[in-house]
Amino acid sequence: MTQPALDFVIATLEKIRESTGRSPRASRSVLTQLQAASPVAASLREAPASLVERRLQPASNKAALLEPIRERVRVCTKCAHLASSRTQTVFGVGNPDADLMFVGEAPGVDEDQQGEPFVGRAGQLLTKILKAMGFAREDVYIANILKCRPDTPPGSFGNRAPTPIEMQTCRPYLVEQIEIIQPKVLVALGAVAVEGLLGMRGTMRELRGRWHSCNGIPLMITYHPAYLLRNQAPSEKRKVWEDMLQVLERLERPITERQRNYFL
Ligand code: URA
């Protein structure tokens, strides 16, 4: 790119920022290309708070930081058996700047097909829970301990739980995601998420409804939505809702009377 062209791009981005009051989005790769294209920009790159860095700061730096991890996950073959059986990896979805992050177990058949976590029946229930809390899926971040669907014998139905080795192998990706997103609150959905995040095993009856800490981030444990699909007792639904009320309180979100009395 020539210097006048680069100046034009920078001026346009600045205009967008001035008119919208927000930093325009620019991916890390675009930023790198712009810097590489201009001798001026390239020299500025050395400085920590360079002009170009400041001018082209992406709206969400976290989104840009997640991209290389997404790419590593996309081509990951650490678990050869999962790499060969998966349709695609399922990295995570939602707002990288979210205050609230949910962690589930592993993609199921629907997630494996669509490349997005929690889109099947359990996911629809999670979306309903989020809505009752006052969130859209786009407001929070959702990921799993495993990025690949655990393989199952041909012709069999259902999902299988991740093995400890699969969890150990995949965990570093999730840790990186959490480190970048730095949510104010994490929610572990079910025992596998608890084991993956905290290395703790126990019954959900003992674990849920209490605050834990995951690398300094408050973590609430609750039942996996798939459990609620299997066990439709109002008392179990109420427990999950009480856990979510604790989450809302921790996030200092106002809670309406209707929400307090809500039953999922
Ligand atoms: N269950 C999970 O734990 N994660 C998904 O993404 C879907 C179902």
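Numbering of residues begins at 1 and proceeds along the displayed sequence. Order of appearance sets the numbers: ligands from 1, and atoms from 1 within every ligand. Remember, it's a predicted structure, so these values are computed and weren't measured experimentally.
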Q: Output the list of atoms in ligand 1 that are nearer than 4.0 Å to some heavy atom of E105, sorted by atom number.
A: 2 (C), 3 (O)
**Q.** Carboxylate-amine/guanidinium proximity below 4.0 Å for R171 and E195
**A.** no
Q: Establish, yes or no, whether a centroid distance under 6.0 Å links the rings of H224 and F102.
A: no
Q | Per-atom contacts, ligand 1 versus P117 - under 4.0 Å to a heavy atom | A | 6 (O)
(Q) So, 4.0 Å and heavy atoms of E116: is ligand 1 close enough to count as a contact? (A) no
Q. Given E105, which of L146, V192, I145, N159 fulfils the side chain to side chain contact (heavy atoms under 4.5 Å, CB included) condition?
A. V192
(Q) For atom 4 (N) of ligand 1, what's the nearest protein heavy-atom neighbour? Residue, atom name and distance, please. (A) N144 OD1, 2.8 Å
Q. Should you measure from each heavy atom of H224, which atoms of ligand 1 turn up under 4.0 Å away?
A. 1 (N), 2 (C), 3 (O)
Q) Under 4.0 Å between a Lys/Arg side-chain N and an Asp/Glu carboxylate O for R160 and E166? A) yes
Q) Salt bridge between E242 and K239, side-chain N to carboxylate O under 4.0 Å? A) no
**Q.** Proximal atoms of ligand 1 relative to G104 (non-hydrogen, under 4.0 Å)
**A.** 3 (O)
Q) Looking only at heavy atoms of A106, does any of them come nearer than 4.0 Å to an atom of ligand 1? A) yes
Q. Centre of Y173's six-membered ring, under 6.0 Å away, within 45 degrees of the axis: is that where NZ or CZ of K78 sits?
A. yes
